[in-house]
Amino acid sequence: MNVIRKNIMGRKRILVTGGAGFIGSHLCERLLNDGHEVLCVDNFFTGSRENIVHLLKNPYFEVIRHDITFPLYVEVDEIYNLACPASPVHYQHDPVQTTKTSVHGAINMLGLAKRIGAKIFQASTSEVYGDPEIHPQPESYWGNVNPIGRRSCYDEGKRCAETLFFDYHRQHGVKIKVARIFNTYGPRMHPDDGRVVSNFIVQAILSRPITIYGDGSQTRAFCYVEDLVDVIVQFMASEDSITGPLNIGNPAELTILDLAKKILEITGSESELLFRPLPSDDPRRRRPDISRARKLLGWEPTTSLEKGLEKTIQYFQKYLKAN
Ligand code: NAD
Ligand code: UDP
Ligand code: UDP
């Protein structure tokens, strides 16, 4: 029985796993700004102290170094489960640990949610759709995932985590919120994590060649991190019947080649384009159908790609100067 409840000021105790990562650090900041108490749990595999150092002086912010594949006993009102490496380079570095984080991590966080009666959010992913045969992807699409490829540790791990969330919900009445997050970018992305936006921006700023995998005709749709955090918080606050899965992302789709050109234009860089082999199982196209989020939450991303890229580029210019 959870005895720690919202106090009379409306302040909740909120656990954010993966809170020292890219999205997690923005979420911690937002929840603190909303007046809540935040417990950040992270094993610092891909996250860093730098992402959260500015929050440490806040007396309502607490950090625990912990790997969620091991049990965790704390008392909170809400849990946001974001712990998991998200970039292909990082999640393929130790694929067994990636599956463990998604599956054992989900079991532990769901066991925790069940014991204390907390509502729990799961950061699932558009990767559950694999290399999609339906475009754009609605939540009703079951996906086209290779179960034994290099991306499978992440894709299948996240799919199994979704199964666990819905079974804990049906079997144990746990209150769940499952979001399928599409490509997200913004300040505090890891400069070396291999994701396309950070790679291209760093390469453009340092006048290094822009590495385009394949011919650059594959598509993605990119969401600015502040828009994403807005909808995550809104989703958590929605009525209990809204469990998801819910696609969240920005439906503005473009090719990877066009993304490179846009970044070159904004940075004024003269980096050349360097074409490299396409990694295996790289999805050809991806774009969220966000009608469900629009209808249920009235949510719409508001940051244009140009605006979001400008802010991200400014961040990396400062970061690269200082490091
Ligand atoms: P990130 O790598 O910056 O953050 C992940 C955080 O989890 C890091 O701080 C890392 O140290 C921590 N972590 C990893 N394994 C852990 C473990 N076993 N125990 C405790 N902490 C652990 O990635 P991100 O982009 O911030 O992604 C956050 C979440 O959102 C992930 O679950 C990811 O799958 C999901 N997601 C992100 C995107 C995106 O475009 N960024 C898209 C879809 C889904
Ligand atoms: N667990 C946890 N914190 C808690 C309660 C449970 O980390 O506060 C973990 C524990 O490791 C357990 C898992 O969550 O194995 C699943 O819990 P559940 O109650 O569903 O199953 P069981 O305890 O029967 O294995
Ligand atoms: N990509 C690229 N150059 C890079 C990094 C990535 O062309 O330096 C491509 C990658 O092959 C993929 C797309 O950009 O088609 C998005 O890659 P990312 O790793 O950011 O995310 P995901 O594949 O998980 O959507």
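Heavy-atom basis, side chains included; hydrogens, waters and symmetry copies ignored. None of the values given here were measured: they were computed from a predicted structure. Counting convention: from 1, in listed order, for ligands and their atoms alike.
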Exercise. Start with the C-alpha distance between Arg188 and Glu29, add both sets of side-chain angles, then the distance that settles salt bridge (charged side-chain N to carboxylate O under 4.0 Å, His left out), and finish with yes or no.
Key: CA-CA 13 Å; Arg188 301 196 205 124; Glu29 192 173 318; 2.7 Å; yes
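- Of the candidates Arg284, Arg220, Gln218, the one placing a heavy atom closest to atom 9 (C) of ligand 3 is Gln218.
- Nearest-heavy-atom check against atom 23 (O) of ligand 1 across Gly186, Ala86, Cys40, Ser25 picks out Ala86.
- At least one heavy atom of Arg195 sits closer than 4.0 Å to an atom of ligand 1.
- Considering only non-hydrogen protein atoms, atom 3 (N) of ligand 2 sits nearest to Leu72 O, 2.7 Å.
- Residue contacts with ligand 3 do not include Arg276, since none of its heavy atoms lies under 4.0 Å from the ligand.
- Distances shorter than 4.0 angstrom occur between a heavy atom of Tyr168 and an atom of ligand 2.
- Among protein heavy atoms, atom 4 (C) of ligand 2 sits closest to Tyr73 CE2, 3.3 Å.
- Using a 4.0 Å cutoff on heavy atoms, Gln97 counts as a contact of ligand 1.
- In terms of protein heavy-atom proximity, atom 40 (O) of ligand 1 is closest to Thr184 N, 2.8 Å.
- Cation-pi check for Arg11 over Tyr60 is met; the charged atom lies under 6.0 angstrom from the ring centroid and within 45 degrees of its normal.
- Contacts with ligand 1 closer than 4.0 Å are made by heavy atoms of both the backbone and the side chain of Ile68.
- With hydrophobic clusters built from ILVMFWY side chains whose heavy atoms lie under 4.5 angstrom apart, Phe45 does not share a cluster with Leu82.
- At the top of the distance list for atom 19 (O) of ligand 2, counting protein heavy atoms only, stands Lys114 NZ, 2.9 Å.
- Ligand 2 has no nitrogen or oxygen under 3.5 angstrom from a nitrogen or oxygen of Pro71.
- Closest to atom 12 (C) of ligand 2, if we only count protein heavy atoms, is Asn108 OD1, 4.2 Å.
- Arg286 counts as a contact of ligand 3, since one of its heavy atoms falls under 4.0 Å from the ligand.
- For the ligand labelled ligand 1, residue Asp67 lies inside the 4.0 Å heavy-atom shell.
- Using a 4.0 Å heavy-atom cutoff, Pro88 is listed among the residues neighbouring ligand 3.
- For atom 8 (O) of ligand 2, the nearest non-hydrogen atom of the protein is Arg115 NE, 2.5 Å.
- Here Arg195 has heavy atoms under 4.0 Å from ligand 3 in both its backbone and its side chain.
- Heavy atoms of Arg151 found under 4.0 angstrom from ligand 3 belong exclusively to the side chain.
- Of the protein's heavy atoms, Gly111 CA, 3.4 Å lies nearest to atom 17 (O) of ligand 2.
- For Phe44, every heavy-atom contact with ligand 1 shorter than 4.0 Å involves the backbone, none the side chain.
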